[in-house]
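Step one of this worksheet: look at the structure below.
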Amino acid sequence: MDKTTTNKIFIGVSWPYASGKIHLGHLAGQNIACDVFARYHRLRGNRVLMVSGSDSHGTPILFKAEELGIPPEQLVEESHKNILSTFDKLSLLYENYTSTTTENHKKVVQNIFLVLKERGYLYTQKSKQYYDEKVNKYLPDRYVRGICPKCGAVNARGDECPECGEFLSPEDLLSPFSTLSDTKPVLKETEHFYLDLKKLEPKIKEWVEDSSGVWRKWVREFSKGWIKEGLRPREVTRDMKFGIPVPVEGWEDKVIYVWIEAVVGYLSASIEWANIIGKPSEWEEFWKDPKCKHYYFIAGGNTPFHTIIWPAELLAYSEKYSDNTLWEKYKLPGETLKENLNLPYNIPSNKMLLNKGKKMSKGDGNSMDVDSLLEKYNSDLIRFFFVRYAPENHDREFEWKDLIDCNNNELVANIGNFINRTLSFLNSKFENTVPNGVLDNNVKNAIDNTLKNIGENINNCEFVKSTDELLRFGDFCNKYFNDKAPWISYKEDIKECENTLYNSIQLVNALRILIKPFLPISSIEITKLLNIQNEYDPNIELKEIGEVKNFENKWSFETVQPNTKLNPPEILFEKILES
RNA sequence: CGCGGGGUAGAGCAGUGGCAGCUCGUCAGGCUCAUAACCUGAAGGUCGUUGGUUCGAAUCCAACCCCCGCAACCA
């Protein structure tokens, strides 16, 4: 708590695919935890750059748009708007949430592509791929179906047989057909660029060995397992028009594959942010200062892209800085410093949220969208629930009962109850005015320790643990009130009663501060109830003017002064009756 | 033998050789300012299975079973 230096924190959040709405998996996976993390660090007085955006290219979008009979650009724009509106309802605050459709992003992606190519990490190779002659398109693996060569199932996909679970190549399928036209596709020769991960393997292996100590166990083991199997070259271009053109002569008909494009978004969104705030080189503060720690909030199968492939790209790209010709030729927008780009520090990836035993994802039609949840429940509850019940180390089944229990037993009965009993008591017995008193030592200690512990938990990306700590503090508050029994001292020793309520209101104020990263709206409600005015809050500033200007530590406790006149008490969290 | 994670009370999880624990829920009693908390007590577990090492195993070893994710456009 004594630390006053300002640290720099970069937060990259997995880019949701712009083909529909945000679903519960996104929340359980990364979109709530990242915001808790960012809000905490801003409060702590640290400089935070949190970026993400809508992943707006790729075949699935193209096909879905065709299915809907609208241009892909329209689908992408509508999805992007939907995502922004859902994020806003959930109080998710980014320094920059953008999209892969921007001119800036295109420039950065092509720049990276060309540098990797010049450094010899990209090579071309010819291959045969299924082509649907009726709709004139090359087919991604999963759009080719046929008979499984292993078990004989009739509707096996080109990537996997859903019956026997065998992993396939489209060419393996017997009697293949295109899911787009039901016609028989033909194998056609095509040529693509490949990223030579093999060449980068030793560097990546060394980096993972050295830096994975702070990662979650499953993230570390999963990544090491991937490397152990051997990295294979990966296609980085596609036969399509929809996307970012390959910036090489003769390749005008092809685009850069979305997986490579989307991770570059972390960098391009940072550059875009620097432009938005009018300091085009400011992104370098976060990307080139080795003291700036990079965190990536993602989930499940996205993990190796962030623990292996994106770091590989960064390592390879950074060779530009020791090559004068490339440095002169391929400067990024606003780039002034000849320093390597920062690699990830921690990747607090979550496991999967399951629905009826299976993972929720758009692809499988097994998802629930967040908007319908927001119609029923308040956003702070949803935020808290997805932190408290996050699948940090194991997959987890989504249960309605858990959501209701979380609300009724934790927000209502623990935190809400204490605030309510204190404010009601002051309202009915003390004319809603804070009495005089002296801060008890154990109250002060509890507040200090909780600030410290929750701060450490969040900083270590142990979010479930941080909510344990918060609820333990709620227990302490309730127990304090109970043990002091002001309803008795009110009749027998009014001074003692005043002192208890003085301390209780300090605990309410402590709760108000402690819940800021988790329950921002409720925290503001309490600020109103306590009649606290003109308090600086970096998260509110970011929301209102789009930028944080002040870097002082607000993750600290200040007392509510005696004689403060409070506003009439209100219920913060409504109990949910079983339906 | 593809890679990895997991299996401990109704639910969620701690627990790396020494009496099986924590949180929530359930039941009974006390108390009551509160959408209720707090206190006291209770019920509830062959620690996935089998075998081994050991004075002693949830923990170490071996084999096996089950669940989940990944295997390259899926958070």
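Chain letters run A, B, ... following the sequence lines, proteins first, then strands; residues in each count from 1. Everything numeric here is computed off the predicted structure, so don't read it as measured data. The figures here come from the full heavy-atom set of this structure, side chains too, leaving out hydrogens, waters and symmetry mates.
Side-chain N/O atoms of A:E392 and A:N350 include no donor and acceptor closer than 3.5 Å. Under 3.5 Å, the side chains of A:N409 and A:N414 contain no donor-acceptor pair of N or O atoms. If you check the side chains of A:T190 and A:K254, you find a donor sitting under 3.5 Å from an acceptor. Judged by distance alone, the side chains of A:T237 and A:H192 do bring a donor and an acceptor atom under 3.5 Å apart.
Comparing B:C70, B:A37, B:U35 against the side chain of A:K575 picks out B:U35 as the nearest. Checking B:A75, B:G5, B:A72 against the side-chain heavy atoms of A:Q30 singles out B:A75 as nearest. For A:A413, counting side-chain heavy atoms from C-beta on, the closest listed nucleotide (B:G5, B:A72, B:A36) is B:A36. Checked against B:U35, B:A75, B:A72, the side chain of A:S14 finds its nearest nucleotide in B:A75.
Using a 4.0 Å heavy-atom criterion, one finds that A:P60 contacts the sugar-phosphate atoms exclusively. Using a 4.0 Å heavy-atom criterion, one finds that A:L423 contacts no nucleic acid atom at all. Residue A:K228 is classed as a sugar-phosphate contact, given heavy-atom separations below 4.0 Å to backbone atoms only. In this structure, A:Y389 reaches neither bases nor backbone, as no heavy-atom distance under 4.0 Å exists between it and the strands shown. Among the atoms of the strands shown, base atoms are found under 4.0 Å from some heavy atom of A:L572. Among the protein residues, A:R472 comes within range of no part of the nucleic acid, since none of its heavy atoms lies under 4.0 Å from any strand. Among the heavy atoms of the strands, none lies under 4.0 Å from A:F418. Using a 4.0 Å heavy-atom criterion, one finds that A:G225 contacts the sugar-phosphate atoms exclusively. Using a 4.0 Å heavy-atom distance criterion, A:N409 is classed as a sugar-phosphate-only contact.
Atom CG in A:L90 sits about 15 Å away from atom C1' in B:A75, given to the nearest Å. The interatomic distance linking A:K401 (NZ) with B:G10 (C1') rounds to 9 Å, in whole Å. Atoms OH (A:Y480) and C1' (B:A36) sit 19 Å apart, rounded to a whole Å. A straight line from CD of A:Q129 to P of B:A72 spans 14 Å, rounded to a whole angstrom. Taking atom CG of A:L92 as the reference point, atom C1' of B:A75 lies 14 Å away to the nearest angstrom. B:C74 atom C1' lies 14 Å from atom CD1 of A:I61, rounded to whole Å. Atom CZ of A:R232 and atom C1' of B:C70 are 12 Å apart (whole Å). Note: CG (A:N31) to P (B:A75) measures 11 Å, nearest angstrom.
For A:Y490 against B:C33, a side-chain-to-base donor-acceptor contact under 3.5 Å is absent.
The side chain of A:Y257 places an N or O atom within less than 4.0 Å of a non-bridging phosphate oxygen (OP1 or OP2) of B:C73. Proximity of A:H57 to the phosphate of B:C73: no side-chain N or O atom is located under 4.0 Å from OP1 or OP2.
Side-chain contact between A:E209 and A:R220 is absent, with no heavy atoms from C-beta onward closer than 4.5 Å.
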Do any N or O atoms of the protein come closer than 3.5 Å to N or O atoms of nucleotides 38-44 of chain B, and which pairs are they?
| residue | atom | partner | partner atom | Å |
| --- | --- | --- | --- | --- |
| B:C38 | OP1 | A:D475 | OD1 | 3.4 |

Would you tabulate the nitrogen or oxygen pairs shorter than 3.5 Å linking the protein to nucleotides 14-16 of chain B?
none

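A salt bridge (charged side-chain N to carboxylate O under 4.0 Å, His left out) check over residues 407-429 of chain A, counting only residues at least two apart or in different chains, returns the pairs A:R388-A:E410.
Shown here are the side chain to side chain donor-acceptor pair (under 3.5 Å) partners of A:S223, two or more places apart in sequence or in another chain: A:T307. Checked against side-chain contact (heavy atoms from CB on, under 4.5 Å), A:E221 has the following partners two or more places apart in sequence or in another chain: A:K217.
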*Any chance you could encode RNA chain B as dot-bracket? Rule is Watson-Crick or G-U wobble with both distances under 3.5 Å; [ ] for pairs crossing earlier ones, | for another strand.*
.(((((((.[[[[.)..(..]]]].(((((.......))))).....[[[[[..)....]]]]])))))).....
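A cation-pi geometry, defined here as NZ or CZ lying under 6.0 Å from the six-membered ring centre and within 45° of its normal, holds between A:K376 and A:W400.
Between A:F476 and A:F473, the angle of the ring planes stays under 30°, which puts this pair in the parallel group of the 30/60° scheme. Classification of the A:F384-A:F518 ring pair by plane angle, with boundaries at 30° and 60°, yields perpendicular. Ring orientation note: the planes of A:Y194 and A:Y123 are close to parallel, at an angle under 30° on the 30°/60° scale. Using a 30° and 60° split on the angle between ring planes, A:W15 and A:Y266 fall in the perpendicular class, above 60°. Taking the six-membered ring where tryptophan is involved, the planes of A:F37 and A:F463 are perpendicular, since the angle between them exceeds 60° and thus also 30°.
B:C24 and B:C19 have their P atoms separated by 25 Å, with the value rounded to a whole Å. Separating the C1' atom of B:C13 from that of B:G52 is a span of 30 Å, rounded to the nearest Å. One C1' atom belongs to B:G25, the other to B:A62, and the distance between them is 39 Å to the nearest Å. With both ends at atom P, the span from B:A63 to B:C1 equals 15 Å, rounded to whole Å. Comparing the C1' positions of B:G15 and B:A57 gives a spacing of 13 Å, expressed to the nearest Å.
In this structure, A:I298 and A:R234 both approach RNA chain B, and ranking their closest nucleotides by distance from the 5' end singles out A:R234. Taking for each of A:V258 and A:S428 the nucleotide of RNA chain B with the nearest heavy atom, the 5'-most of the two is the partner of A:S428.
Dense packing is recorded around NZ of A:K199, with more than 12 heavy atoms of other residues, nucleotides or ligands lying under 6.0 Å away.
For the pair A:W487 and B:C33, the ring geometry qualifies as stacking, because the centroid separation is below 5.5 Å while the planes lie within an angle under 30°.
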